[in-house]
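Structure record follows, encoded as structure tokens.
Being a predicted model, the structure only gives us computed values, none of them experimental.
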Amino acid sequence: MMKNFSSSPLHSNNQQPPNHVRERNNRKYSLLSALPLRFSLRGYGFCMATLFLFCFGSLFYQLNGGPPKILLDIRQYLDVCGKKHWSVKMATGRLFIHKDSLARQLVSGPQAHKPRQGESTYLDDHGPPVPRVLPFPSQVVYNRVGKCGSRTVVILLRLLAEKHQFNLVSSDIHNKTRLTKHEQVDLMKNISNIPQPFLYTRHVHFLNFTRFRIEQPVYINIIRDPINRFLSNYFFRRFGDWRGEQNHLIRTPGMKDDERYLDINVCILENYPECSNPRVFYIIPYFCGQHPQCREPGVWALERAKQNVLENYLLVGILEELEDVLLLLERLLPHYFTGVLNIYKSPDYKKMGNMTGTVRKHTPTLEALQVLYHRMRYEYEFYNFIRDQFHLMKKKIGLKSVSQPPAHSPSFLRELALRTPEPLDEEEELDADLEDANSWLVHP
């Protein structure tokens with residue numbers, strides 16, 4: 001009798017596996033189901049770390065004006081090891097689509113730069129890096145007026161240029177303030193080509209850059225009481241400063257003793273060219289400009305100088321309040337003058353600054369001052385205008401400082417004007433002075 005195996009539990013298709021087999025399979029599947037959970041946590045951590053890295057890099061990118069070096073190194077590595085990609089290059093007059101095979105040719109345009117193997121193509125994709133942000137203003141001109149503290153300020157500027165890393169160009173040309181049209185254009189182009197930020201300083205009358213379609217820089221300047229400026233210049237030409245009178249005698253060998261030791265009262269009262277117009281009409285032309293009429297004492301030059309101050313000068317200070325001038329410059333041009341007052345008050349600077357004072361200077365008689373004040377009436381009108389504008393600027397900024405009184409009080413000057421006798425006709429006096437001044441004027 002044969003046994004029927006079809007009903008055997010081992011050969012039945014619908015037969016359930018034993019309990020110990022099901023338990024072993026369940027343990028196996030439970031272990032496999034736990035593995036994806038471990039991988040997901042690790043992947044999540046990796047993604048968060050990557051996100052933090054790129055957020056950190058993006059922060060540096062925005063703060064420093066460009067990507068950090070590590071990201072550029074990573075990009076360069078990826079460019080070397082990555083696959084060649086297609087890029088689009090716009091040429092002059094024609095569009096090229098090519099592989100990054102480094103064989104780039106431009107039609108009707110200059111030959112393109114061919115990067116070597118391993119060189120980053122960041123510039124190709126994103127253009128040149130953003131240039132360094134320049135301070136505003138980044139072009140400053142100080143057309144310094146003679147004997148108005150200019151050497152003191154230039155010494156400060158040399159120290160500040162080294163500290164703040166701006167380009168200081170100080171011209172050694174002192175006797176050529178009036179320029180021809182071609183000389184004006186050449187000088188303005190040279191100034192504009194100085195690497196920014198820069199501060200250019202020279203004894204020169206105001207230059208109108210916009211007239212020749214050149215970007216106009218910001219002007220600054222300092223003036224002083226006209227009579228004090230005249231006295232300082234008069235004695236400096238003859239005897240120099242505290243650096244040594246003998247050295248100055250060597251620098252001016254052409255000056256005869258009769259001229260060197262000429263009494264200032266005689267010079268003023270006897271109408272010597274050096275003490276008369278147009279020689280004493282000195283400050284206004286620095287602000288009026290290069291027009292020939294700017295050198296003629298009168299209302300036209302005065303009004304044009306005022307207009308240029310209002311339109312082109314950031315600040316015109318007065319030497320009698322030099323510390324306030326330095327404070328305002330530090331507020332208005334911090335990238336040039338930050339810390340200037342600390343330097344000015346330092347003992348080391350005092351040693352250098354004390355050497356710029358003019359020696360053997362004394363005040364003329366009251367009669368000579370009367371005549372001199374009347375000859376400088378336009379200079380004083382301009383000086384009073386500048387002083388009022390300077391005080392208005394201090395008030396706007398909120399600078400509360402004690403202003404030093406002027407060397408000659410307004411009441412004293414008004415008395416001088418009232419007691420001054422009627423002068424000659426202005427045109428007659430000017431013509432006579434011009435004829436006598438030919439041997440005295442220094443022609444450029």
Side-chain angles (χ1 to χ4, degrees), residues 65-66 127-145 148 150 153-154 156-158 160-174 176-223 283-295 301 303-317 325 328-338 340 386 389-390 393 396-397 444:
V130 178
R132 181 168 62 97
V133 177
L134 293 172
F136 180 82
S138 59
Q139 304 178 70
V140 181
V141 173
Y142 171 32
N143 62 321
R144 58 187 190 267
V145 182
C148 290
S150 58
V153 177
V154 169
L156 290 171
L157 286 173
R158 289 173 181 170
L160 292 169
E162 183 178 357
K163 178 180 179 181
H164 298 307
Q165 299 299 310
F166 64 86
N167 295 305
L168 174 65
V169 180
S170 180
S171 175
D172 295 329
I173 302 175
H174 304 290
K176 193 172 180 59
T177 58
R178 303 185 298 270
L179 308 176
T180 65
K181 184 179 294 185
H182 294 294
E183 290 172 338
Q184 293 178 50
V185 174
D186 291 341
L187 178 58
M188 288 185 286
K189 287 183 178 179
N190 291 335
I191 294 175
S192 300
N193 290 331
I194 300 174
Q196 301 181 28
F198 69 80
L199 192 150
Y200 178 83
T201 175
R202 173 181 166 174
H203 292 293
V204 65
H205 294 170
F206 173 78
L207 297 169
N208 189 353
F209 285 67
T210 56
R211 177 189 174 192
F212 300 96
R213 298 183 180 180
I214 302 175
E215 183 180 359
Q216 181 84 353
V218 169
Y219 277 88
I220 60 172
N221 217 324
I222 300 174
I223 65 173
I283 298 177
I284 289 178
Y286 273 88
F287 301 88
C288 179
Q290 298 290 334
H291 195 281
Q293 199 171 349
C294 289
R295 299 187 289 274
E303 294 301 323
R304 181 156 184 170
K306 290 180 180 180
Q307 181 181 358
N308 283 335
V309 168
L310 296 175
E311 294 179 355
N312 299 289
Y313 281 81
L314 180 65
L315 177 68
V316 180
V325 175
L328 284 181
L329 287 173
E330 192 170 6
R331 295 278 188 90
L332 299 173
L333 298 171
H335 43 284
Y336 291 95
F337 289 95
T338 296
V340 63
I386 293 298
Q389 292 294 320
F390 180 68
M393 176 75 73
K396 288 181 178 179
I397 292 184

[X] to [Y] - nearest heavy-atom pair and separation:
{"X": "I223", "Y": "C148", "result": "CA-SG, 3.8 Å"}
{"X": "V153", "Y": "Y142", "result": "CG1-CE2, 3.8 Å"}
{"X": "P195", "Y": "N167", "result": "O-ND2, 2.7 Å"}
{"X": "C294", "Y": "P285", "result": "O-CG, 3.4 Å"}
{"X": "F337", "Y": "L160", "result": "CD2-CD1, 3.7 Å"}

Notebook entry, point to check: So does E311 have more than 12 non-hydrogen atoms from other groups sitting under 6.0 Å from CD?
Noted result: yes
Next item on the list: Please confirm whether the backbone N or O of D172 pairs with a side-chain atom of H174, one donor and one acceptor, at under 3.5 Å?
Entry: yes
What distance separates [X] [atom1] from [Y] [atom2], expressed to the nearest 0.5 Å?
{"X": "R304", "Y": "H291", "atom1": "CZ", "atom2": "NE2", "value": "6.0 Å"}
{"X": "I220", "Y": "Y336", "atom1": "CD1", "atom2": "OH", "value": "9.0 Å"}
{"X": "H205", "Y": "N143", "atom1": "NE2", "atom2": "CG", "value": "9.0 Å"}
{"X": "L314", "Y": "L328", "atom1": "CG", "atom2": "CG", "value": "9.5 Å"}
{"X": "S171", "Y": "K176", "atom1": "OG", "atom2": "NZ", "value": "11.5 Å"}
{"X": "S150", "Y": "R202", "atom1": "OG", "atom2": "CZ", "value": "13.5 Å"}

Side chain proximity check, [X] to [Y], heavy atoms < 4.5 angstrom:
{"X": "F198", "Y": "I191", "result": "yes"}
{"X": "V169", "Y": "N190", "result": "no"}
{"X": "F166", "Y": "L199", "result": "yes"}
{"X": "Q290", "Y": "V204", "result": "yes"}
{"X": "L332", "Y": "I397", "result": "yes"}
{"X": "L187", "Y": "Y200", "result": "yes"}
{"X": "Y286", "Y": "N308", "result": "no"}
{"X": "R144", "Y": "S170", "result": "yes"}

Notebook entry, point to check: Partners of I214 by side-chain contact (heavy atoms from CB on, under 4.5 Å), sequence neighbours excluded?
Noted result: M188, K189, S192, F209, F212
Margin query: The criterion is side-chain contact (heavy atoms from CB on, under 4.5 Å); which residues satisfy it with V309, sequence neighbours excluded?
Written below: F287, Y313, V316, F382, F385, I386
Next item on the list: May I have the step-by-step check of side chain to side chain contact (heavy atoms under 4.5 Å, CB included) for K181 and R211, ending in yes or no?
Entry: CA-CA 11 Å; K181 184 179 294 185; R211 177 189 174 192; 3.7 Å; yes
